[in-house]
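A, B, ... follow the sequence lines: proteins, then strands. Residue 1 opens every chain.
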Amino acid sequence: MSVPPLELIKGPDETFILNLGPQHPATHGVLRIKLTMDGEYVTRAEPVPGYIHRMHEKMGENRTWNQFLPNTSRIDYLSAMAYTHAFVGVAERAAGIEVPPRAEYIRVITSELNRISSHLVWFGAFLLDLGGFTPLLYAFDDREKILDLLEGITGSRLTYCYYRFGGVCNDVDDAFLRGTKEFVAHMRPRMKLYRDLVTDNIILRKRLTDIGHISADMCRRYGATGPVIRGAGVAYDTRKVEPYSAYREFDFDIPVFPEADSMARYLVRMEEIVQSLRIIEQAVDRLPDGPFIAPKMPKVMKVPPGDYFYATEAARGRFAVRAVSDGKEIPYRLKLRAPSFSNLSLFEEASRGMMLPDALAMLGSLDLVIPDIDR
Amino acid sequence: MKNLIKDSVSGFKTLVVGMRLTIDQFFRRPVTVHYPREALKMPERYRGHIELVRDPETGNSLCIACKSCEKACPSDCIFVEGIKREGEKRKSPTEFSLDFTKCSLCGSCVEVCPTDALRFTKEYNLASTERSAYLYDLLRRLEGQKK
Ligand code: SF4
Ligand code: SF4
């Protein structure tokens, strides 16, 4: 489908302002976008973030390293594990703490489970945006299995806060490992069901294919990462380009689709679930014995003075923590680089001249988590 | 015209596939539980609000009022006051209150406690319309459990 050029659709004084959100069924959480519309066409889309700004960065500067740990699972509530991972990672790198291999493997397993559950929420919510209700129920059925597994070892269903400096807070038990294996076996045929029911559905294809182009160049200019840039044909994944934790030891692919449309971003995420299942399978099979947390960890974390950086691949893209320490118990500065913020910032340029329903479909394909944007 | 026929055929196909999967699902067992007639068992590590643990020998709390939990808590939810009673080697708490409105169930207090005097409960039915319902006096709670 071709979009009319901007000059044609921009009438002199016929535009009107449409407020999308902050409370709107098509935006998840409290995102507000001020749309300037010309009939059905978007001429300008101005995101207005900040409705749930919680000062996470500032909070990091007035509490100890340990006390900030629970915050990290609340920045992006759907991929809490990767966020906590980056924060404990930066402190471990700074203090030179050696994390036992078992702990690294457990982190990989739980992070990947978390990625799958996050993609399942996106899958359900995205299709809800497009007007399909049923797939959400299928996706949440599967997601529930992951939440039960993670609840069993962490005690929590969403804000896990499971990692500690030097390892994880509880060891995994046999029930968890068995359950994880069962889940992997269960999930593979389910992917086929999703393909039959949704991916191959002609309505979905028609609504997403060739619509909502976000080029690789645009991704680079705005710093978009994760499935957005991989759906534009760039194989950029922190797990591969800057392998952290134990990711070097696993065999997995980075799904890339060059079409750069909404469908490509959809397909990237669906394929990522399959790859995460592969990683989980390998990690569970090869889980080493040993301690789950480094021995003699101090009760109060202290980090030597310096400027440190650690990045992880969260479900939405690259999450990074930059920490500046002056040697005290409290970090001097904590910068949190949130993927959703960069992914949203390109919306204004990408949506120009699109029809409203297409722009909403593209917004959904960005997989935004609003607390992550606002922090 | 050709496209129209192609679309109609594949449209019909997706319809049939979708209906088949839906009908398949219709005859499966439900995955949901009919709460409150049935309730799921809380897992061992479930994090409800914290409570004090009893010393099996003395019947009193294991807490030595060292205030580590008070310091570790990121949200200042805990208030502990203690005195040294005569004839006892360690301090014991005279007041132990928890402001559950601010608690994020992070578990820092449970982890930091030197005598393992704190643990999570498995309570989740805590709805109330009043803020004061969440100001817990954990010492009184422990005494209440004794009887
Ligand atoms: S669980 Fe965390 S927030 Fe709650 S009282 Fe304990 S330390 Fe404070
Ligand atoms: S840390 Fe434990 S012993 Fe110390 S005051 Fe808290 S509950 Fe009591």
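- For B/Val112, the parts sitting under 4.5 Å from any heavy atom of chain A are the backbone and the side chain alike.
- Within a 6.0 Å sphere centred on CZ of B/Phe79, heavy atoms belonging to other residues, nucleotides or ligands number more than 12.
- Contact count against chain B (heavy-atom pairs under 4.5 Å) is highest for A/Leu197 among A/Leu69, A/Ile203, A/Leu197.
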What would the table of donor-acceptor pairs between chain B and chain A look like if you include every N and O pair under 3.5 Å, whether backbone or side chain?
unit_1, atom_1, unit_2, atom_2, d
B/Asp7, OD2, A/Lys206, NZ, 2.5
B/Arg45, NH1, A/Ile153, O, 2.9
B/Arg45, NH1, A/Asp171, O, 3.1
B/Arg45, NH2, A/Asp171, O, 3.0
B/Arg47, N, A/Gly155, O, 3.1
B/Arg47, NH1, A/Thr154, O, 2.9
B/Arg47, NH1, A/Tyr160, O, 3.2
B/Arg47, NH2, A/Thr159, O, 3.2
B/Arg47, NH2, A/Tyr160, O, 3.1
B/Lys71, O, A/Gln67, NE2, 2.9
B/Ala72, O, A/Gln67, NE2, 3.2
B/Cys73, O, A/Gln67, NE2, 3.3
B/Pro74, O, A/Arg63, NH1, 3.2
B/Ser104, O, A/Arg74, NH2, 2.9
B/Glu111, OE1, A/Arg164, NE, 2.8
B/Glu111, OE2, A/Arg164, NE, 3.2
B/Glu111, OE2, A/Arg164, NH2, 2.5
B/Val112, O, A/Lys299, NZ, 3.4

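- Both the backbone and the side chain of B/Pro74 come within contact range of chain A, with heavy atoms under 4.5 Å apart.
- For A/Ala185, the side chain to side chain contact (heavy atoms under 4.5 Å, CB included) criterion is met by no residue, not counting sequence neighbours.
- B/Val9 pairs by the side chain to side chain contact (heavy atoms under 4.5 Å, CB included) definition with B/Ile5, not counting sequence neighbours.
- Among the residues in residues 127-134 of chain B, none has a non-hydrogen atom closer than 4.5 angstrom to a non-hydrogen atom of chain A.
- Among A/Ile153, A/Leu193, A/Val198, the residue making the largest number of heavy-atom pairs under 4.5 Å with chain B is A/Ile153.
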